[in-house]
Amino acid sequence: MRAAPAAFAILLAVSASAQTLYRLDGTTLPANQAGTIADAELARDHVTGAQIAFLHNGRTTWKYAYGLRDVEHHLPMTTDTYIWAASVTKAVFATWVMTLVEQHRLDLDKPIADYMPGGLTGYYHDTSLLTADPRYRRITPRMLLSHTSSLCNYAPADMPDGKLRVQYDPGTRYAYSGEGLTLLQYVIEQAITHEPIEISMQRDLFTPLGMNTTSLTWNNRF
């Protein structure tokens with residue numbers, strides 16, 4: 001989406017009454033005017049539906065919904081509509097991974113090959129080319145989290161043969177990789193937690209933070 005006007009982009013927080021939004025320079029903007037700005041920007045970029053939430057000091061202080069959540073049935077988006085988080089999940093996953101680091105259960109700079117001495121058998125697609133490459137032994141959790149592992153974004157779609165492989169020397173440059181996060185998830189589940197990530201993150205992150213409407217897997221109440 002195109003950048004929003006500065007008047008909207010620099011909004012920092014809102015008052016507890018949710019009537020006034022405060023800019024970084026101390027000036028204010030009525031909440032209804034912010035909604036008008038959001039409507040115009042989202043409509044201009046042909047966004048089907050969106051939610052906007054402002055947080056201040058750990059509290060949600062203003063929420064806004066735009067457009068539709070279901071085009072076929074013409075159902076409106078609401079501020080409490082469940083939304084697929086997509087790759088926002090990567091940042092949440094990385095936050096949880098850092099709790100493992102703080103607990104000294106995971107070393108960011110220990111090669112994943114050292115965590116998985118038996119190889120990656122059981123990973124959801126073919127890793128034979130990856131593990132056969134000597135450079136694989138240099139890939140670390142830090143590289144996987146920072147998209148510098150040399151892995152593609154999604155092997156079945158990005159590689160001609162659908163196989164995961166080292167594409168350049170790990171750690172030498174950035175290249176966005178969903179595979180990197182998925183591979184790290186697999187390593188953690190197999191070598192550290194020995195349980196599905198959904199269980200771990202619900203117990204360690206979502207529940208303590210009161211994220212009662214968040215899940216990594218589909219829940220019928222959604």
Side-chain angles (χ1 to χ4, degrees), residues 1 11-14 16 18 49-66 69 77-116 120 122-125 127 139-149 151-155 164 170-171 174-222:
M1 190 171 73
L11 295 176
L12 174 63
V14 300
Q51 295 171 335
I52 300 172
F54 286 178
L55 284 79
H56 184 56
N57 291 333
R59 296 176 54 205
T60 301
T61 50
W62 186 68
K63 296 189 293 185
Y64 188 75
Y66 165 87
R69 69 177 188 269
M77 181 70 74
T78 68
T79 56
D80 58 359
T81 297
Y82 287 96
I83 296 293
W84 179 42
S87 285
V88 172
T89 309
K90 291 181 172 66
V92 180
F93 170 70
T95 299
W96 174 72
V97 169
M98 292 309 295
T99 68
L100 299 180
V101 175
E102 291 174 344
Q103 297 165 11
H104 306 289
R105 300 174 66 189
L106 177 74
D107 184 338
L108 288 175
D109 298 309
K110 178 179 177 179
I112 60 170
D114 292 349
Y115 284 102
M116 304 292 294
L120 298 174
Y123 191 62
Y124 78 109
H125 58 241
T127 59
I139 297 175
T140 65
R142 187 185 302 275
M143 295 175 189
L144 296 171
L145 287 172
S146 61
H147 302 278
T148 59
S149 65
L151 303 182
C152 63
N153 185 41
Y154 180 56
L164 195 60
Y174 173 90
Y176 186 85
S177 174
E179 287 286 358
L181 280 292
T182 303
L183 181 58
L184 182 57
Q185 171 193 339
Y186 179 75
V187 170
I188 290 173
E189 288 177 332
Q190 298 299 311
I192 298 176
T193 63
H194 306 290
E195 64 183 8
I197 191 173
E198 163 68 5
I199 294 175
S200 300
M201 290 185 64
Q202 282 289 350
R203 180 190 61 240
D204 302 339
L205 194 66
F206 301 150
T207 297
L209 292 177
M211 299 170 67
N212 301 318
T213 57
T214 302
S215 173
L216 293 182
T217 57
W218 178 256
N219 188 312
N220 286 336
R221 65 191 173 91
F222 297 164

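Not measured: the values here are computed from a predicted model. Every heavy atom of this structure was used, including side-chain atoms; hydrogens, water molecules and symmetry mates were not.
- In this structure the side chain of Ile83 reaches within 4.5 angstrom of the side chain of Met77, judged on heavy atoms.
- For Asn212, there are no side chain to side chain donor-acceptor pair (under 3.5 Å) partners at least two apart in sequence or on another chain.
- Remark: Tyr154 engages no residue in a ring pair (Phe, Tyr, Trp, His ring centres under 6.0 Å) (not counting sequence neighbours).
- Sequence neighbours left out, the pairs with a member in residues 94-113 that pass salt bridge (Lys or Arg N to Asp or Glu O under 4.0 Å) are Asp109-Arg142.
- For residues 197-222, the salt bridge (Lys or Arg N to Asp or Glu O under 4.0 Å) pairs, not counting sequence neighbours, are Glu195-Arg203.
- Legend: residues meeting side chain to side chain contact (heavy atoms under 4.5 Å, CB included) with Ser146, ordered by chain and number and at least two apart, are Thr148.
- Rounded to the nearest 0.5 Å, atoms CD (Gln103) and CE (Met98) are 11.5 Å apart.
- Residues satisfying the ring pair (Phe, Tyr, Trp, His ring centres under 6.0 Å) criterion with Tyr124, sequence neighbours excluded, are absent altogether.
- Minimum heavy-atom separation, Glu189 to Ile197: OE2-N, 2.8 Å.
- Pairing each heavy atom of Met201 with each of Leu216, the nearest pair is SD-CD1, 3.5 Å.
- Contact annotation: the side chain of Leu144 never approaches that of Leu181 to less than 4.5 Å [non-hydrogen atoms, C-beta and beyond].
- Distance CZ/Phe93 to OG/Ser87: 12.5 Å, rounded to 0.5 Å.
- Taking CH2 of Trp96 as the reference point, atom CG of Leu205 lies at 9.5 Å (rounded to 0.5 Å).
- Scanning for side chain to side chain contact (heavy atoms under 4.5 Å, CB included) contacts around Ala91 gives an empty result, with sequence neighbours left out.
- Thr207 meets the side chain to side chain contact (heavy atoms under 4.5 Å, CB included) test with Gln202; sequence neighbours excluded.
- In this structure, Leu151 CG and Ser177 OG are separated by 4.5 Å, a value rounded to the nearest 0.5 Å.
- Closest of all the heavy-atom pairs between Ala65 and Thr78 is CB-C, 3.5 Å.
- In this structure the side chain of Val97 never reaches within 4.5 angstrom of the side chain of Pro141, judged on heavy atoms.
- For the atom pair Leu183 CG and Ser149 OG, the distance stands at 8.0 Å (nearest 0.5 Å).
- Thr182 contributes a side-chain N or O that, together with a main-chain N or O of Gly178, makes up a donor-acceptor pair within less than 3.5 Å.
- Residues forming a side chain to side chain donor-acceptor pair (under 3.5 Å) with Tyr115 (at least two apart in sequence, or on another chain): none.
- Taking OG1 of Thr193 as the start and CD of Gln185 as the end, the distance is 9.0 Å to the nearest 0.5 Å.
- Smallest separation of non-hydrogen atoms from His125 and Ala155: NE2-CB, 3.5 Å.
- Sorted by first and then second residue, the pairs that involve residues 177-196 and meet ring pair (Phe, Tyr, Trp, His ring centres under 6.0 Å), not counting sequence neighbours, are Tyr123-Tyr186.
- Closest non-hydrogen pair, Leu108 versus Thr140, comes out as O-CB, 3.3 Å.
- By the side chain to side chain contact (heavy atoms under 4.5 Å, CB included) test, Trp84 is found to be paired with Ala86, residues two or more places apart in sequence or in another chain being considered.
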